Every structure is written in structure tokens, then in C-alpha cells.
Peer 1: 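Let me give you the structure first, and then I'll get to my questions.
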Amino acid sequence: MAEKQNSKKEHTYHSKAIEMAREYLKRQQNKAIREREKLYGLQIVPKATYYNDAKGHVPGEKNWKRFGFDLHPQVSLIAGGLIILFIVLTFIYKEQSATFFQGVLDGIGNNFGWLYILAANFFVIVMILFAASKYGNIKIGGPDAMPEFSTFSWYAMLISAGMGIGLMFWSVAEPIFHYSTPSPMFDVAANSPSAAQGALGVTYFHWGLHPWGIYALVGLSLAFFAYNRGLPLTIRSIFYPLLGEKIYGFWGNLIDILSVLATLFGLATSLGLGVKQVASGLNYLFGFPDETIYAVLLIGIITFFATLSVVAGLDNGVRRLSSGNLYMAGIFMLFLIVVGPTVYILKAFTQNLGFYLQNLPQLSFWVETYEGAKGSDWQNLWTIFYWGWWISWSPFVGMFIARVSKGRTVREFIVGVMILPTLLSFLWMSTLGGSALHLESMGIADIATTVEENVSTALFVMLENFPLTQVTSFIGVILVTIFFVTSSDSGSLVVDHLTSGGKLDSPVPQRIFWAVMEGLVAAALLLGGGLTALQSASIATGLPFTFILIIMVYSLYRGLQQEYYHATIIEKIRPDVQQFEVPVEQEEEQKEESSRSRWYKYFKRNKGKGGR
């Protein structure tokens, strides 16, 4: 009897302590969110836990400061010069540009497509292994770091920056294209039920774990070396375990130059797709001319608003626009689920989730080896383009994710970045793409012809078949426009950060300069070759950056290995904590506040020791 009472008493103390610890942790998390400083860029104060690799170096220490600019001379001048040269040559040789871009797309796809396929699989597998390993418990920012953003705000910024424009542009067009022109891998008849399942399955594949695995790799690497190793939030910092002090010289400059080029061209692809869809939407609603020259004009107008957001900063600009746009996109999707073929959408989501998981190995490693020209024509335009796009987009998304992910464990980071955004992308594609497939397969609408003639109009043609067409189409235009703005201003902050050597607070004119450059590159690509130029720009800049990411994996492994080793040593030499009991009777309630803190520290120090 006495043993039962003692056991019950011990259980009561244990439960009370856990409750106190959770409450204390929640208060600390809320305090970290409330008291963080306002963010006007991607500036951070680098922090070291067990290693301080900065060794006296200061972000931006080699910068050139003139005429309102604060630039790293080698990175800024070389990257900026190459981009300006590209813009000028494209405008001068506009007629020849289309042939050139098509040749780039075919050449890289035919000769290096296999590399893109293997590399993307490698990145996903590595991220899963890191999350499942002992390194998953390492916290970004050190053991005592707390998240600076709520979980909802964190996810909102991930999704809005990660894929916003692409989800709007391809959500209807891609499934319909695969339905009428199935992948050679499936060997199914066009416009058949099997083609419909394969269409959404391939779309899931292109927007699933692979892109988010790439983003997770870059984001985790940046966050770890900035918040745990005391280095600037730049791509070069990731390679300190391999290059040491050489990251401040030629090799570091080369890495950041490639990062700037990949980011700008990856952004330009997204902005070009977005403005084509905005122009089509305005043409549908108001008769606005749907021609390339007017799309270029729209780029200028929307870039102006993106510049205003850049000046406002991360808190007042990107965060608020991202959160607001996520709410609007969620309402838009729910509306279509309710008024559209609801059961069909939910069944499509469920069945194609299983199809994706079942066929993921084959989808991931198929490289049209035995398909000849037919296979090459299909995969170059889709999988190879997407993988190049995601890789070229990764410095931008990775740096942005890193900046807002302090206080999260490696496991929480990887699972958060890879799983929820993937599932939301699947639900989005099932809602819009599934609705379009239902209309097409039932003969209600001819969306396939629309996709063949002008892919950017597919969304609006689909919306014609549902209530409140004018309203939903206008919301679609607003969503794409805000995604354009958030992508542009976030990208400007990232490029600006890279070209200022990781400087904490670069001048506003500098941010405006890079925002304008993004718009000019997008305009040049549209004038120089349209969709083909946008696709070739992504895979061309993504190819050299693929090698950077492969080496990045090993460098991150070395960093996590060192961090874990020192954390283990410190845990072993830490003195044991004396055990004590905290009375929980009514008369002791006034001591609860102080005991919460003690219990929290007690359980924190004895984590992994059975609570004893």
C-alpha cells in the first residue's frame, strides 16, 4: 500500500514538473517572439556555440562604400557585370536569342539531365538521414535559442517565398498537359483514366519532396553556420570546414558569384511566369492586351511595388504580405473545393498521394534512357527544367528560410520544411488541377486546347465553369501579383545580402538596384524567347550550382559532426543535478513560479537520463 502511495506521489511530482516545464517553455517562446528586434533585411548577428569560426572577421569588412552603396567589390561587380552583359546582348540580338535559348535547354537536358536526377535524389536522401540521425537534436542557435516567429508565420513565409508563383501558374496547366500528352514512362493512352492519374502523379512528383529537400539542404546549412558557428549568412560560410580562411578569398568569391547568378535567374524565371499569368488575367477581365511588350510593362509596375516592400523591410513588407497572401490563397482553395467537384478533388488527393508514394522510386530515377528523342523532348521540358529551377532558386529560398528559423532543431527544421509544404502543394494541385481534369475528362470544358495555345490562360478558363467567375479570376490575379511582390522583395534582400558580404544593414538604394535588376532580367528573357528562355535560364544557372550543393552536403556533415561531438563532451562533464522534491500542497502554491524554472532546468539537464 505504501509503495503504491509513494509511486502515486512520485507520479504526481513528475506530472506537475512536466506541466511546469511546458508552461515555462511556452512563456519563453512567446517572450522570444515579442522581444525580437524589428527586421529590415536579412541581417543577423552571427552566433557561435562551441566553435567560433569568424576569428575576428566582420561581415562586410572588405566592402566598397561609395555613392550610397556598400558592396563587396569582387562579388558585386563581377555578378552585376555579367547580368548587365546578358541583358544588353539579349536586347541587341533578340531575334537570335530564341534559337540560342532552345539550344541551351536541349544541350543541358540531353547531356546532363541524368546528373540533375541523381543530385536531386541525393539531396532528399541526405536530408531524411540527417533528420533521423543523432544530429536531429542539434538546435539552430544553440541549446537555449528560441524561435523568433510563430509556427504559422514561419510556414507562411516558407510557402509564399518557396513556390508561390509557380503553384499559381502550373496548377491547372501541368496536369492538363500531362493528361493530353502523358509521360513516356507510363506508356498509357492520352486522355484516358490512367493518363489522368499519371498526370496528377507526375505533378505531385515535380512539386513534392524533391524541391523542398533542396531548399532544406541550403536553408539548414546557412542557418547552422550563421547561428552556431558565428559566420555571416552567406553561401561561402557553409564551406568553412573545407576551405577554412579561404572562404574570404577567391573561392569564397566564386561561390557567392554563382549564388547571385543562380538566384537572379531563378527569380527571373518565376517573375516571368507570374507576369505572363497576370497579363492573361487582365486580358480576360478587362481586355488588357496580352502581348509580350505589355507583359514587360507590367514587370516594371509590379517591380515598383516590390521595391516599396523591399524598403519597408522583412517585418513590415515580406512577413505581412506573406501571411495575408496565405490567408487569401487558403480561402481561394477552400472555395473551389466547396463549389467544385468536392468528392472528386478529395478522392484525387487521396489516390494520387498513394500513387506518388508507390511510384516515387521509379519517378525519381527515370531518365528516358530507352525512349529516344520522344523521351528527351518530354523530360527536358518538365523534370529537368524543374530540378534546374529548384536548384537555381535554392540560394534565395534557403537563405530566407535560414533567417527565420533560429531556435528550431535540425529535425524540426527538416520535417517542417519538407513535409507540410509538400502536403499543402499536393492539396493545392489536387484542387485546381483535379477540378480541371474533371472538367476536361467529362467534356464540360476544353482546357487542353487552351493550354496548347497559351498556357498562362489555363487558370482563368477553368474558373469560367464555377460561380463568381469574375471575382475568383480577379482574386487569382491579386494572388499572383502578391506572390510576384513577395518573391521579388525577398529575392532582392537575399541578393543584396550576398553582394554586401553578409553586411548587417545595407543601404536602401542598394536593395532597390537589385530589385530593378531582377525585373530587367525577367523582361530580357520574355523578349528574348518567352517560356523557352525562362526554362533555359534556370537549368543553365542551376547546373554549376548543383556541384556547389553536392560539396555543401559534406561540409554540413562535418559541421554537424563537430557540433554533436562537443555537445556530447560537455554533457558528460556536467555535474549531476541533486534531486529534490517540490511540495504541491495548497499552501505551497505561492512558490509555483520559482519552482517552474527549477523544474524546467532539472528536466532539461537530465534529458535522456530517464528524468532521474
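This structure is a prediction, so every number in the text was calculated from the model and none was measured. Residue indices begin at 1 and follow the sequence shown.
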Peer 1: Ring centroid separation for Trp207 and Trp390, is it under 6.0 angstrom?
Peer 2: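 Close enough - the centres of the two rings lie under 6.0 Å apart.
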Peer 1: Would you say that more than 12 heavy atoms from the other residues, nucleotides or ligands in this model lie under 6.0 Å from the OH of Tyr557, or not?
Peer 2: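 Result for OH/Tyr557: open.
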Peer 1: If you apply the rule side-chain hydrogen bond (donor to acceptor under 3.5 Å, both in side chains), what do you find for His206 with Thr383, and how did you get there?
Peer 2: CA-CA 7 Å; His206 290 152; Thr383 307; 2.8 Å; yes
Peer 1: Quick one: do the Gln510 and Asp70 side chains pair a donor with an acceptor below 3.5 Å?
Peer 2: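 No.
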Peer 1: Tell me which one of Glu245, Arg558, Lys246 satisfies side-chain hydrogen bond (donor to acceptor under 3.5 Å, both in side chains) with Tyr240.
Peer 2: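 Option passing the side-chain hydrogen bond (donor to acceptor under 3.5 Å, both in side chains) with Tyr240: Glu245.
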Peer 1: Is the closest side-chain donor-acceptor distance between Tyr204 and Ser425 under 3.5 Å?
Peer 2: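 The criterion, which ignores hydrogens and geometry beyond distance, is not satisfied for Ser425 and Tyr204.
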Peer 1: Going by ring pair (Phe, Tyr, Trp, His ring centres under 6.0 Å), Tyr356 matches just one of Phe205, Phe349, Phe426. Which one?
Peer 2: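 Checked Phe205, Phe349, Phe426 against Tyr356; only one passes ring pair (Phe, Tyr, Trp, His ring centres under 6.0 Å): Phe426.
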Peer 1: Where do Tyr116 and Trp387 come nearest, in terms of heavy atoms and distance?
Peer 2: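 Looking at all heavy atoms of both residues, the closest pair is O-CD1, 3.4 Å.
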Peer 1: Take Met418 and Val124, measure what side-chain contact (heavy atoms from CB on, under 4.5 Å) needs, and give me the verdict at the end.
Peer 2: CA-CA 9 Å; Met418 290 183 65; Val124 171; 4.1 Å; yes
Peer 1: Do the ring centers of Trp389 and Phe169 come within less than 6.0 Å of each other?
Peer 2: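 No, ring centres 6.0 Å or more apart.
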Peer 1: Does a donor on one side chain and an acceptor on the other come within less than 3.5 Å for Trp514 and Thr499?
Peer 2: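 Yes, because at least one side-chain N or O of Trp514 sits under 3.5 Å from a partner of the opposite role on Thr499.
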Peer 1: Enter the distance from Tyr215:OH to Ile391:CD1 here, rounded to the nearest 0.5 Å.
Peer 2: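 Answer for the OH-CD1 pair, Tyr215 versus Ile391, is 10.0 Å.
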Peer 1: Just verifying a value: how many Å separate Ile214 CD1 and Ser394 OG, rounded to the nearest 0.5 Å?
Peer 2: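 Between atom CD1 of Ile214 and atom OG of Ser394 there are 7.0 Å.
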Peer 1: Can you tell me how far the CG atom of Asn253 sits from the CD1 atom of Ile247, to the nearest 0.5 Å?
Peer 2: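 The CD1 atom of Ile247 is 10.5 Å from CG of Asn253, to the nearest 0.5 Å.
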